Amino acid sequence: MRATWIVYRKEMVEILRDRRTLIAIGLAAIATPLVLSIISQVSTKTATQAYTVGYTGDVPTGLGELLSATNLKLVPVPDPASAAKKQVDLGLAFKPGEIDLYYDPNRQSAQIAQNRLETVLGQYSAAQAAAALQTRGVDPAILTPIHLVSNPLSSPVQAASNAFLSFFLPYILITMIITGGFSAALDSTAGERERKTLESLLLTPAPRSRVLLGKITAVTTISLVAAVAAIASMFVTLAQISFPGGSRHITPSAVAVPLMVWVAVLIAFSFSAVTLALGTLAKTFRQGQAYVTPLYFITIFPASIILFIPDFNPSLAYYLIPILNAVLVLRDAIVHDSVDWTTLAVTTVSLLATGALSWYAALRLFTREALLTRS
Amino acid sequence: MSQAAVAVERLEKTLGKNKVLRGISFQAQPGEIFGLLGPNGAGKTTTLRLVSTLLSPDGGMVEVLGFDTRKAPEEVRRRIGVVTADIGVYPRLSARENIAYFAQLSEVPSLDLKRRVDAVIDRLDIDSFANQRAESLSSGQKQKVAIARAIVHDPPVLMFDEPTSNLDVLASREVREFMVESKERGKCVIFSTHVMHDAERLCDRITILHEGQVVASGSTAEVRGGKPELEDAFLELVGANP
């Protein structure tokens, strides 16, 4: 294994002297807090933002105060329907025993204002009905013959933060592992060909499998460094910023952290091997970029599934699909605060097999005569 | 079994659809500069790549100091040093780091590493730029680094494939002097070139390749065959003389 160590050490020295890789890692550490801060500010602003409601007619007694308390500002307009297209967020026409609501579903502000209005009107109607019943000597409890007692099995605030983490953490982890090792992988394969050092390297007595293993280990290391930098900065930021809904701090569960480290190592190893195999196919760094860039988009897709289908509960076979399995295992650990050992075992085998197959493919490519003779 | 440093017998190689070598044979001995001459596309570089185990023969055999390139490629690579016209060095490593990296991969013992690296740096007069990053070196300086990394493990067989084609007059002269010095130290030096003047001055024996075949072989005087210049004999052999 001496040759592997020699190649690893040299690759690490070169990587750490490469501005491209250092910039990628630096950006990873800076970009994550920046994105999180923007999300926090936007969501806080959305939750507390005041919306305007244009109206005609007489506002029912007490409703104006309720609307004002929930940041729905009443503004008299001549025509609520036309005003709701642009001038105001909602249009209301108060009529005896009826309220006509006008809104544009294409506007997100209209949808938020509508939700807020319906909540307020529900409370107002219930209060009015209860008051009317009381004046007639009837217990208002008659309105709710079945009383629903809600018993959440975990903190709703924690659940909200888990939902956020279950998407964002795998996304950041996978993105940073791939982008962190991207430049290093291409530099140590296509770069060797481009600057004509490959032939000299292959002329040494070091076995090619050991040389390749040294390269894969170096790329895996730098991928993990990028991922750790991004995840660490993400948790530091999450501890500082606040989100609406009472979730002051978002913190990962005790189960998620070691699992995340294990999954990160697996992804970094398997994708270092994949990018090295693709890089070995390329004659130049630029050509290698063309080969590897689609990989980035393919791997981001599984993380998006969690965003669009949060309750996606697949069969065990889905855990054989690389990257998707990592995303699912992390999501399960974060949301349920526990580890399903069966799915983790399948995921581990799948990612190790992906890495081993890619390593074998890279080795085959690395020992092909065409590597040197193809111009 | 041949006692030659490099023995090539009936060597054949096809690359793609092109039959590059059609059964060539020659032997190179320790303590001589053996010239491998031929026009572009004659098969010189392919021959050296086969000798250095980068390519595998389709037919025939190559032995380096008794080791078959197919059966014991790593043993062969321990005993050779190759310098080519493509001066590829690691740009973000210093000249010294470049040399040390190849010394380690060539299994120079750790305890001996510094002494060996210092020795080649001194021998090739690299001291003044040894700690500079390779990206800032001139072509001549890079070629010195390339030679240093090829000889740092003190191989008995040295192969030079058009080593001066990208160099200026001064740097070319230094490379030629180094080849002569290596021969005097008992090394087998195989020199591939199409520069007849260099071959005539440096080589003890010559093999001329043309379209993948040996068209002449022997001492420089024998190959010249009474012609005033080696170039005249060469042009006649490859059918380029009117």
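Residue numbering restarts at 1 for every chain, and letters A, B, ... go by the order of the sequence lines. Everything numeric here is computed off the predicted structure, so don't read it as measured data.
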Between Val82(B) and Ser52(B), which heavy-atom pair has the shortest distance, and what is it? CG2-CB, 4.1 Å
[Y] versus [X], side-chain donor and acceptor atoms under 3.5 Å:
| X | Y | value |
| --- | --- | --- |
| Ser350(A) | Asn325(A) | yes |
| Asp161(B) | Ser192(B) | yes |
| Thr220(A) | Ser272(A) | yes |

Relative to each other, are the rings of Tyr101(B) and Tyr90(B) parallel, tilted or perpendicular (30° and 60° limits)? perpendicular
Heavy-atom pairs under 4.5 Å with chain B, option from Gly191(A), Ser200(A), Ala3(A), Ala206(A) with the top count: Ser200(A)
Residue, of Glu192(A), Lys196(A), Arg210(A), Arg2(A), that accumulates the most heavy atom pairs under 4.5 Å with chain B: Lys196(A)
Check: Ser233(A) side chain, Ala29(A) main-chain N or O, donor-acceptor pair, under 3.5 Å: yes
Check whether more than 12 heavy atoms from other residues, nucleotides or ligands sit under 6.0 Å from atom CZ of Arg364(A), and answer yes or no.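 Not buried by this count: 12 neighbours or fewer within 6.0 Å.
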Relative to chain A, which segment of [X] carries a heavy atom at a distance below 4.5 Å: side chain, backbone, both, or neither?
| X | value |
| --- | --- |
| Glu97(B) | side chain |
| Thr53(B) | backbone |
| Arg133(B) | side chain |

With respect to chain A, which residue among [options] yields the maximal number of heavy-atom pairs within a distance under 4.5 Å?
| options | result |
| --- | --- |
| Asn98(B), Thr45(B), Leu54(B) | Leu54(B) |
| Gly81(B), Pro73(B), Pro91(B) | Pro91(B) |
| Ala100(B), Ala150(B), Gly88(B), Gly16(B) | Gly88(B) |
| Arg92(B), Arg79(B), His153(B) | Arg92(B) |

Does Arg78(B) count as lying over the ring of Phe67(B), i.e. NZ or CZ under 6.0 Å from the six-ring centre, within 45 degrees of the axis?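 No, a cation-pi geometry is absent between Arg78(B) and Phe67(B).
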Residue Leu201(A) versus chain B: region with a heavy atom under 4.5 Å: both
Strictly below 4.0 Å, N to O, side chains only: are [X] and [Y] in salt-bridge contact?
| X | Y | result |
| --- | --- | --- |
| Asp154(B) | Lys187(B) | yes |
| Glu194(A) | Arg286(A) | no |
| Arg115(B) | Asp118(B) | no |

Residue by residue, which of residues 5-19 of chain A have a heavy atom closer than 4.5 Å to a heavy atom belonging to chain B?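 Listed by number, the contacting residues are Ile6(A), Val7(A), Arg9(A), Lys10(A), Val13(A), Glu14(A), Arg17(A), Asp18(A).
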